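The structure appears below as structure tokens.
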Amino acid sequence: MKIRTFIATASLVASGSLVAFSGSAQAALYTTCVGDGGAVTVSNDLVVPAGKSCTLTGTRVKGSVTVEAGADLVAAGATFNGAVTVEENAYLDLTDTTVKGTLTTDSAFGTHLEKSSLKAVNTTEGFIYAVDSTLGGNVSTTAGELYVSGSTLSGSLTGADNQYSDVYDSTVKGALTVDGNALGGVFCASEVYGAATYSGNADNLQIGGEGLLGSCAGASYFGGNLSVTDNTANAVLDNAIVRGGLTATGNNPVLVVGELTRIRGAVTGETAAPGSASSARKAAPQDRGADLAERAAERAAEARADAHEAGKSSL
């Protein structure tokens, strides 16, 4: 692996002039990764340079990790003690990996997480695909695509202004917010223990049970209040227990509530029974997670090939 350590000099721009501070007190060590890396410990920060690829297996990084614009980082069995930042059009692929800091993406291509543990996730644009993972803190995605399956989230989950926000066979211990998603969202065979809110979404919403986006085996549970308001989506709530109340106002068409739904609290607003005119339009069954997985696999394969070539040429 081409792996180099640099001394970065801190600088400050003040009153239109560049002021540099040198010396060991202001210097910061960082390591660049281009190619393949194994079970080594990086004692400082790690940077994947713009447009380059890095694959890590069993690597431990004590500092922060930055994947610069257009770069790729694929890691398996790794441990990152600090924060991870993924920049514009960059890609992050983690398997059996622990991130002890916050993962932040900014207009990234996407993030694939499998059997991994992260302290918190904060993404803007790009997709996030999380399978069989543990996500701590509060997780939020904006202007991208969100797919969570077989995972546990210790805090809240927010999908705002995404293409869609889908949750399958997962547990959200905090609140759930799905707001302004162009293609709606799915909540299937999952549990949320805080308040759940679906607002301002379009296209289709499948909240538990058989629905507009295909079949869903297993019941869903809402431990608090459920609010489904001001949506233009065709929305169905079924095969679910709502421990709190249901608010269903401002929806056009109105929310369809199936016969397998149990609501313990009060119901506010207008709902419809299955088979009514409001539920006539159906969407073709689809698995949006499969599409994200395919895109992630293609980018990861390209990253591994590029990293392997770079590693061979730099040994």
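A quick note: this is a predicted structure, and the numbers were derived from the prediction, not measured.
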### Query
Would Asp166 and Arg288 pass as an ion pair if we require N to O under 4.0 Å?
yes

Quick one, Tyr147 with Tyr164, criterion ring-ring contact (aromatic ring centres under 6.0 Å, His included). Give me CA distance, side-chain angles, the key distance, then yes/no. CA-CA 8 Å; Tyr147 181 89; Tyr164 56 84; 7.8 Å; no

One pair to check against side chain to side chain contact (heavy atoms under 4.5 Å, CB included): Val48 and Val34. What are the steps and the verdict?
CA-CA 7 Å; Val48 184; Val34 179; 5.9 Å; no

When Asp161, Asp106, Thr105, Thr142 are each screened for side-chain hydrogen bond (donor to acceptor under 3.5 Å, both in side chains) with Thr124, the one that passes is Asp106

*asked:* Do the side chains of Arg295 and Glu145 get close enough for a salt bridge, i.e. N-O under 4.0 angstrom?
replied: yes

Task: Check: Thr232/Asn252 side-chain N/O donor and acceptor closer than 3.5 Å - done: no

Rounding to 0.5 Å, atoms CG (Asn239) and OG (Ser220) come to a distance of 7.0 Å

Q) Is the His112 ring parallel, tilted or perpendicular to the Tyr129 ring (thresholds 30°, 60°)? A) parallel

*Would you kindly say whether Ser140 and Asn122 are connected by a side-chain donor-acceptor distance under 3.5 Å?*
yes

Membership question, hydrophobic clusters at under 4.5 Å side-chain separation (ILVMFWY): are Tyr198 and Val267 in the same one? yes

Nearest heavy-atom contact between Thr32 and Leu46 is C-CD1, 4.4 Å

Nearest heavy-atom contact between Asp238 and Thr261 is CA-OG1, 3.1 Å

Leu292 and Ile128 have their tightest heavy-atom pair at CD1-O, 4.2 Å

Exactly one candidate in Val139, Thr141, Thr177, Val178 meets side-chain contact (heavy atoms from CB on, under 4.5 Å) with Thr158; the answer is Thr177

Taken in chain and number order and not counting sequence neighbours, the residues that satisfy ring-ring contact (aromatic ring centres under 6.0 Å, His included) with Phe222 are Phe187

Can you list, pair by pair, the side-chain donor-acceptor contacts under 3.5 Å of residues 71-84, counting residues two or more places apart and other chains?
unit_1 : atom_1 : unit_2 : atom_2 : d
Asp72  : OD1    : Arg299 : NE     : 2.6
Asp72  : OD1    : Arg299 : NH2    : 2.9
Asp72  : OD2    : Ser53  : OG     : 3.3

Derivation and outcome, side-chain hydrogen bond (donor to acceptor under 3.5 Å, both in side chains), residues Asp169 and Ser149
CA-CA 6 Å; Asp169 191 27; Ser149 176; 5.8 Å; no

One should read off an interatomic distance between Ile263 CD1 and Leu246 CG, to the nearest 0.5 angstrom, of 4.5 Å

For Gly144, does its backbone N or O pair with a side-chain atom of Asn162 as donor and acceptor, under 3.5 Å? yes

